[in-house]
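Quick notes on the structure that follows.
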Amino acid sequence: MSSLEIVALIGFLFAAYSIVANDAIQTLGTFLSSNSHRPWWVLWGFACTVLVAVFVYGWIANDGDPAYGRLSKFPEPEGGLQWIHVVPPLMILFLTRFGIPVSTTFLVLTVFAPGNLNQMLVKSLAGYGVAFTVAIFVHVSVARFAERHFIRTNDQPIAPYWVLIQWSSTAFLWSQWLIHDLANIFVFLPRTLNFPTMLFAVAVMLVLHAYIFYRRGGVIQKIVLSKTNTTDIRSATIVDLIYAMILVVFKEWSKMPMSTTWVFLGLLAGREVAISMVEKIRSGGDTFRLVGSDAAKAGLGLAISVALALGLPKVDAAIRGIAGAGGEVETTESAG
């Protein structure tokens with residue numbers, strides 16, 4: 001195995017773990033929190049059944065491309081992957097340790113094609129705004145009456161049909177998220193995967209998800225648990241359905257990748273604002289601090305993404321320049 005292939009493999013493994021630990025758990029957070037009484041391996045088996053189905057279908061339908069064509073504007077780097085491409089997944093791991101829900105789309109993909117940043121940013125900002133607005137509208141017009149009932153009956157047995165509804169909505173949401181975000185992981189591999197590479201990638205994803213589910217989501221799960229009534233399976237179902245429908249809309253908009261993290265945070269922010277205004281569960285100041293904290297973390301992720309995208313190539317060029325100059329000096333001295 002060549003050094004470039006080793007870098008690609010390391011980048012893939014780091015990206016797979018960091019994105020599962022940070023991004024995927026945001027999507028499955030309400031599912032985990034509202035099913036915390038069930039064995040972790042049951043939840044893992046369900047989620048990974050959907051994952052394998054989406055992965056294999058995408059690989060077959062797109063002629064070996066499990067990223068569903070979302071890397072069409074992110075060609076493989078000339079000369080192969082370099083160390084600068086592995087840094088963003090490592091940064092995600094670092095930020096995840098502090099429970100910061102960063103956008104893996106910005107952090108990982110921007111280094112591969114900085115020129116696509118504007119398009120990704122516009123689409124992601126639109127996603128946040130749409131999610132925020134839709135969440136407020138849905139809660140104020142419809143969901144608030146259901147939410148009141150959910151909160152009032154939180155200590156009572158929940159009808160079995162809610163389990164079927166929630167698991168179905170989770171499967172729908174999870175499939176849409178995967179179609180959006182698999183690009184963030186497979187950008188490190190060839191754009192067309194052969195059969196052995198596909199099997200290897202599936203195995204890696206299954207093992208990583210097993211570890212994350214065993215840990216019940218890790219520190220990122222606290223973002224979900226900090227929100228109002230997200231441990232109620234019925235409330236979680238409403239959140240998941242709205243999230244999934246928004247992802248469907250933006251999936252059809254274009255194949256340009258977007259930050260699903262921003263959509264998720266916009267959805268939770270709009271829901272918290274609506275609950276604060278209508279239900280008076282917490283003060284406006286507390287809600288503003290909660291929403292502002294999440295937005296600040298998302299902004300931090302964007303700032304780091306831009307810094308890496310612009311700074312890492314310059315650092316790499318400087319290192320290569322120093323190495324080249326050293327080689328020239330050594331050659332000159334040898335000739336003398």
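For the numbers below, each heavy atom of this structure counts, side chains included, while hydrogens, waters and symmetry mates do not. As the structure is a prediction and not an experimental result, all values here were calculated from the model.
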(message) Test your reading of the model: is there a side-chain donor-acceptor pair from H180 to the backbone of L247, 3.5 Å cut-off?
(response) yes

(message) Are T110 and N116 packed together at the side-chain level, in the sense that at least one heavy-atom pair is separated by less than 4.5 angstrom?
(response) no

(request) Compare every heavy atom of V111 with every heavy atom of P88, then report the nearest pair and how far apart it is. (result) CG-CG2, 3.5 Å

(message) Can you tell me how far apart CD1 (I60) and OH (Y57) are? Round to the nearest 0.5 Å.
(response) 9.5 Å

(message) For D63, I'd like to know if atom CG has over 12 heavy atoms of other residues, nucleotides or ligands within 6.0 Å.
(response) no

(message) A quick test of your reading: do over 12 heavy atoms of other residues, nucleotides or ligands sit less than 6.0 Å from NZ of K251?
(response) yes

(message) I'd like to know if the side chain of D181 reaches the main chain of T260, judged simply by a donor and an acceptor atom lying under 3.5 Å from each other, with no hydrogens or angles considered.
(response) no

(request) Compare every heavy atom of K255 with every heavy atom of R70, then report the nearest pair and how far apart it is. (result) NH1-CA, 3.3 Å

(request) To the nearest 0.5 angstrom, please state how far the CG atom of L199 sits from the CG atom of L193. (result) 10.5 Å

(message) If you apply the rule side chain to side chain contact (heavy atoms under 4.5 Å, CB included), what do you find for F200 with V204, and how did you get there?
(response) CA-CA 6 Å; F200 169 75; V204 169; 3.7 Å; yes

(request) Fit a plane to each ring of W40 and Y214, take the angle between them on a 0 to 90° scale, and name the class: parallel (under 30°), tilted (30 to 60°) or perpendicular (over 60°). (result) perpendicular

(request) Locate the shortest heavy-atom distance separating G64 from P66; write the atom from each residue and the value. (result) O-CD, 3.3 Å

(message) I'd like to know if the side chain of R191 reaches the main chain of F74, judged simply by a donor and an acceptor atom lying under 3.5 Å from each other, with no hydrogens or angles considered.
(response) yes

(request) Would you check if there is a donor-acceptor pair between the side chains of K123 and S254 at a distance under 3.5 Å? (result) yes

(request) Write down the atom of V54, the atom of S175, and the distance for their closest heavy-atom approach. (result) CG2-CB, 3.7 Å

(message) Quick check against the 3.5 Å criterion: does T105 have a side-chain atom that pairs as donor or acceptor with the backbone of M258?
(response) yes

(request) For residues E76 and L71, determine if any side-chain heavy atom of one lies less than 4.5 Å from a side-chain heavy atom of the other. (result) no

(message) Any heavy-atom pair between the side chains of I185 and M205 that's under 4.5 Å?
(response) yes

(message) Using the rule that Ile, Leu, Val, Met, Phe, Trp and Tyr join whenever any side-chain heavy atoms are under 4.5 Å apart, tell me whether V207 and F186 fall into a single cluster.
(response) no

(request) For the pair W44 (side chain) and I212 (backbone), establish whether a donor and an acceptor sit closer than 3.5 Å, ignoring hydrogens and angles. (result) no

(request) Consider only side-chain heavy atoms of I, L, V, M, F, W and Y, link residues closer than 4.5 Å, and tell whether I246 and L125 are in one cluster. (result) yes

(message) Between W41 and Y211, is there shared hydrophobic-cluster membership here, with clusters defined by ILVMFWY side-chain heavy atoms closer than 4.5 Å?
(response) yes

(message) Could you walk me through whether V50 and T170 satisfy the side chain to side chain contact (heavy atoms under 4.5 Å, CB included) test, starting with their C-alpha distance in whole Å, then the side-chain angles of each, then the deciding distance to 0.1 Å, before giving a yes or no?
(response) CA-CA 10 Å; V50 177; T170 297; over 6 Å; no

(request) Using the rule that two of Ile, Leu, Val, Met, Phe, Trp, Tyr join whenever any of their side-chain heavy atoms come within less than 4.5 Å, decide whether V130 and W253 are in one cluster. (result) yes

(request) Using the side chain to side chain contact (heavy atoms under 4.5 Å, CB included) rule, pick out the option among T261, L265, V263, L267 that qualifies with Y128. (result) L265

(request) Show your working on side chain to side chain contact (heavy atoms under 4.5 Å, CB included) between W177 and Y243 and close with a plain yes or no. (result) CA-CA 9 Å; W177 180 89; Y243 188 11; 4.0 Å; yes

(message) Could you check whether S124 and W262, counting side-chain N and O atoms only, form a donor-acceptor pair closer than 3.5 Å?
(response) no

(message) For the backbone of G58 and the side chain of Y68, can you confirm whether one donor and one acceptor N or O come within less than 3.5 Å of each other?
(response) yes

(message) Quick check for you: to the nearest 0.5 Å, what is the distance between D240 atom CG and L173 atom CG?
(response) 5.0 Å

(message) If I take atom CG from residue L182 and atom CZ from residue F55, how far apart are they, to the nearest 0.5 angstrom?
(response) 7.0 Å

(request) Please name the pair of heavy atoms, one in A67 and one in A183, separated by the smallest distance, quoted to 0.1 Å. (result) CB-CA, 3.9 Å

(request) Give a yes or no on whether F172 and V138 share a hydrophobic cluster (residues Ile, Leu, Val, Met, Phe, Trp, Tyr; joining criterion: side-chain heavy atoms under 4.5 Å apart). (result) no

(request) Measure across S169 and T237 and return the closest heavy-atom pair with its distance rounded to 0.1 Å. (result) OG-CG2, 3.7 Å

(message) Nearest 0.5 Å, please: how far is OG1 in T49 from CH2 in W174?
(response) 12.0 Å

(request) Kindly assign one of parallel, tilted or perpendicular to the pair F112 and F188, based on the angle between their ring planes and the thresholds 30° and 60°. (result) perpendicular

(message) Nearest 0.5 angstrom please: W83 CH2 to L90 CG, how far?
(response) 11.0 Å

(message) Is the shortest side-chain heavy-atom distance between T197 and F12 below 4.5 Å?
(response) no

